[in-house]
Amino acid sequence: MLSSEGLDQLTAALKDPVKRKLIARDDTLIGGLVLVLSNADKKVVIEALEILLCLAMPVEHREFLHNFMGMKEQLTLLAKDTNPLDHVRELSSQLLCRLSSTEPVPFVPPQPLQQLRSRNANTE
């Protein structure tokens, strides 16, 4: 499973379009991200979802991600969260929609987990 440091490194690598394309086709990394979706730490799950949303921006990456083993199941479970204010629920629903869409989306890099932690610490 990917560590939070590994997720931060992956987030940084996504800024490079060549690396982003390679990551989007890497079975090991995508499998690790799918596993992270079941992590108990919601902040880690949020970062994984933001990375997957970023990877799903180009239409040509979506079919691979959509058909990746366990992806739809994990996202469906997260999207059914009973807390309607939960950011995990929102992101997982957004990713499920994006993976089924053929509309292009402009690239927006995800935030590193460190920034996410400090932002959430200020709101708690």
Side-chain angles (χ1 to χ4, degrees):
M1 189 177 296
L2 290 168
S3 66
S4 59
E5 293 82 20
L7 290 173
D8 285 342
Q9 290 173 356
L10 195 52
T11 298
L14 292 176
K15 294 177 183 173
D16 180 338
V18 174
K19 290 179 184 175
R20 190 169 52 247
K21 187 174 185 174
L22 292 172
I23 291 167
R25 298 286 182 194
D26 188 303
D27 288 337
T28 304
L29 286 173
I30 301 303
L33 288 168
V34 170
L35 283 174
V36 168
L37 294 177
S38 63
N39 193 300
D41 184 348
K42 287 196 181 225
K43 291 176 183 110
V44 172
V45 174
I46 288 170
E47 186 171 22
L49 286 167
E50 288 179 343
I51 289 169
L52 288 166
L53 278 164
C54 176
L55 292 173
M57 286 177 184
V59 175
E60 62 271 12
H61 296 169
R62 294 182 190 162
E63 183 178 358
F64 176 78
L65 294 170
H66 186 266
N67 294 326
F68 198 88
M69 185 173 59
M71 179 74 75
K72 288 184 287 190
E73 294 80 6
Q74 281 295 107
L75 293 174
T76 301
L77 282 173
L78 293 171
K80 289 182 179 180
D81 191 335
T82 57
N83 182 355
L85 301 176
D86 191 357
H87 196 50
V88 170
R89 178 181 175 178
E90 175 189 337
L91 290 174
S92 56
S93 296
Q94 187 180 354
L95 182 54
L96 275 169
C97 289
R98 184 171 297 168
L99 291 177
S100 302
S101 172
T102 57
E103 296 295 318
V105 178
F107 175 71
V108 178
Q111 293 181 350
L113 188 56
Q114 294 167 323
Q115 289 178 5
L116 187 61
R117 284 184 188 139
S118 63
R119 183 180 71 193
N120 287 338
N122 294 332
T123 60
E124 292 176 355

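The shown structure was predicted, so the numbers you read here are calculated from the model rather than taken from an experiment. Numbers for residues simply follow the sequence, beginning at 1.
- Listed for the Thr11 side chain is a donor-acceptor partner under 3.5 Å among the backbone atoms of Leu7.
- The two residues Leu65 and Ile30 have their closest heavy-atom pair at CD2-CD1, 3.7 Å.
- Atom-to-atom distance recorded for Leu96:CG and Met71:CE is 9.5 Å, nearest 0.5 angstrom.
- A distance of 12.5 Å separates CD of Glu50 from CG of Leu10, quoted to the nearest 0.5 Å.
- Looking at Leu33 and Leu49, their side chains never come closer than 4.5 Å, going by heavy atoms from C-beta outward.
- Expressed to the nearest 0.5 Å, how far CD of Glu47 lies from CD1 of Ile51 amounts to 4.5 Å.
- Here the shortest heavy-atom pairing between Arg98 and Met57 reads NH1-CG, 3.6 Å.
- His61 places a side-chain N or O within 3.5 Å of a backbone atom of Leu55 that can act as its donor or acceptor partner.
- Residues Ser92 and Leu78 come closest through the heavy atom pair OG-C, 3.4 Å.
- In this structure, Arg20 contributes its side chain and Leu14 its backbone to a donor-acceptor pair below 3.5 Å.
- Crowding of Glu73 atom CD: a count of heavy atoms from other residues, nucleotides or ligands under 6.0 Å exceeding 12.
- Between Leu52 atom CG and Leu95 atom CG the span is 5.5 Å, to the nearest 0.5 Å.
- Scanning both residues, Leu37 and Ala48, for their nearest heavy atoms gives CD2-CB, 4.1 Å.
- Taken to the nearest 0.5 Å, the NE2 atom of His87 stands 4.0 Å off from the CG atom of Leu91.
- Nearest heavy atoms, Leu99 versus Ala56: CD2-CB, 3.8 Å.
- We find the CD1-CG distance between Ile23 and Asp16 to be 8.5 Å, quoted to the nearest 0.5 Å.
- A donor-acceptor contact shorter than 3.5 Å is absent between the side chain of Ser93 and the backbone of Glu90.
- Distance alone, capped at 3.5 Å, places no donor-acceptor pair between the Arg89 side chain and the Lys80 backbone.
- Among all heavy-atom pairs drawn from His66 and Ser100, the shortest one is NE2-OG, 3.9 Å.
- Judged by distance alone, the side chain of Asp26 and the main-chain N or O of Leu22 form no donor-acceptor pair under 3.5 Å.
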